[in-house]
Amino acid sequence: MGPVTTKFARLDPGPSQTFGWLGFGMSVIGSVMVLVSYSALIWIGAGNYTFPDLRQRITAIDSDVLVHPVAKTYFSWLGWAILALVAVCAILAATPALSGPFRILAPLLAVAAIALTLVAIDITNQRAYGVWFRDARAGFYLALVGFVLVAIGSALGPGRERRY
């Protein structure tokens with residue numbers, strides 16, 4: 001670099017990062033979708049079971065032979081824990097000073113949440129997975145879409161300051 005280039009580099013260090021409002025907004029919308037899914041919508045049409053209903057029914061079944069361990073863990077505490085963890089990591093991914101590792105971690109956690117949700121819908125050994133999937137309702141699908149939005153939003157990271 002010549003003296004002129006070095007002089008301009010000191011005056012204008014390049015674009016700086018700002019808070020990533022677009023990614024943050026997508027992540028918040030996705031997190032709210034999952035929250036609504038967990039608290040208000042029907043997950044399984046056969047019996048009109050919501051997320052809390054499934055938690056109650058699964059914990060009432062004492063046998064680990066009937067209930068899949070992933071479903072038992074997901075509906076008892078893991079679903080809420082992964083939602084909180086993904087939401088916090090997505091917010092940190094939009095923050096300029098912290099975005100580096102969280103732009104990788106948050107989407108990976110959101111994809112893991114999608115996978116866990118897909119596995120957890122297979123609740124018992126008494127029915128085939130396809131039957132559970134066929135009986136899934138808006139709550140299940142809204143949770144999947146919500147986690148997808150969080151994954152995309154957190155991958156966007158911080159914004160760039162525009163200079164004119």
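Count residues from 1 along the sequence.
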**Student:** If hydrophobic clusters are built from ILVMFWY residues whose side chains come within less than 4.5 Å, do Leu116 and Trp80 share one?
**Tutor:** yes
**Student:** May I ask whether Leu108 and Leu78 are part of the same hydrophobic cluster, defined by side-chain heavy atoms of I, L, V, M, F, W, Y residues being less than 4.5 angstrom apart, directly or through others?
**Tutor:** no
**Student:** Quick one: pull up CZ in Phe75 and CG in Asp53 and give me the separation to the nearest 0.5 Å.
**Tutor:** 11.0 Å
**Student:** Using 0.5 Å steps for rounding, measure from the CG atom of Leu54 to the CD1 atom of Ile44.
**Tutor:** 5.5 Å
**Student:** Any idea which heavy atoms bring Gly153 and Ser27 closest together, and the distance?
**Tutor:** C-OG, 3.6 Å
**Student:** Do the non-hydrogen side-chain atoms of Val28 and Val32 ever get within less than 4.5 Å of each other?
**Tutor:** yes
**Student:** Please give me the minimum heavy-atom distance between Ala155 and Arg103, naming the atom from each residue.
**Tutor:** O-NH2, 3.0 Å
**Student:** For a quick test of reading the model, state the closest non-hydrogen atom pair linking Ala151 to Ala110 and the distance between them.
**Tutor:** CB-CB, 3.6 Å
**Student:** Count I, L, V, M, F, W, Y as connected when their side-chain heavy atoms are under 4.5 Å apart, and connections chain through other members. Are Leu98 and Ile104 then in the same cluster?
**Tutor:** no
**Student:** Looking at every non-hydrogen atom in both residues, tell me the closest pair between Leu109 and Ile82 and how far apart they are.
**Tutor:** O-CD1, 4.2 Å
**Student:** If you take all heavy atoms of Leu149 and Gly30, which pair is closest and at what distance?
**Tutor:** CB-CA, 3.9 Å
**Student:** Which pairs would a plain distance check flag for residues 132-140, meaning a side-chain donor or acceptor within less than 3.5 Å of a matching protein atom at least two apart in sequence or in another chain?
**Tutor:**
from	atom 1	to	atom 2	distance (Å)
Asp135	OD2	Arg127	NH2	2.1
Arg137	NH1	Arg134	O	3.4
Arg137	NH1	Asp135	O	3.2

**Student:** Could you pull out all residues at least two apart from Ser31 that satisfy side chain to side chain donor-acceptor pair (under 3.5 Å)?
**Tutor:** none
**Student:** If you define the side chain from C-beta out and look only at heavy atoms, does anything of Phe102 sit under 4.5 Å from Val88?
**Tutor:** no
**Student:** Output the distance between atom CD1 (Ile123) and atom CD1 (Ile58), rounded to the nearest 0.5 Å.
**Tutor:** 4.5 Å
**Student:** If you take all heavy atoms of Arg55 and Ser76, which pair is closest and at what distance?
**Tutor:** CZ-O, 3.2 Å
**Student:** Quick one: does Tyr49's side chain get under 4.5 Å of Trp43's, heavy atoms only?
**Tutor:** no
**Student:** Under a 4.5 Å side-chain heavy-atom rule over Ile, Leu, Val, Met, Phe, Trp and Tyr, are Ile114 and Leu41 clustered together?
**Tutor:** yes
**Student:** Give a yes or no on whether Ile42 and Leu144 share a hydrophobic cluster (residues Ile, Leu, Val, Met, Phe, Trp, Tyr; joining criterion: side-chain heavy atoms under 4.5 Å apart).
**Tutor:** no
**Student:** Quick one: are Leu156 and Phe24 in side-chain contact, heavy atoms under 4.5 Å?
**Tutor:** no
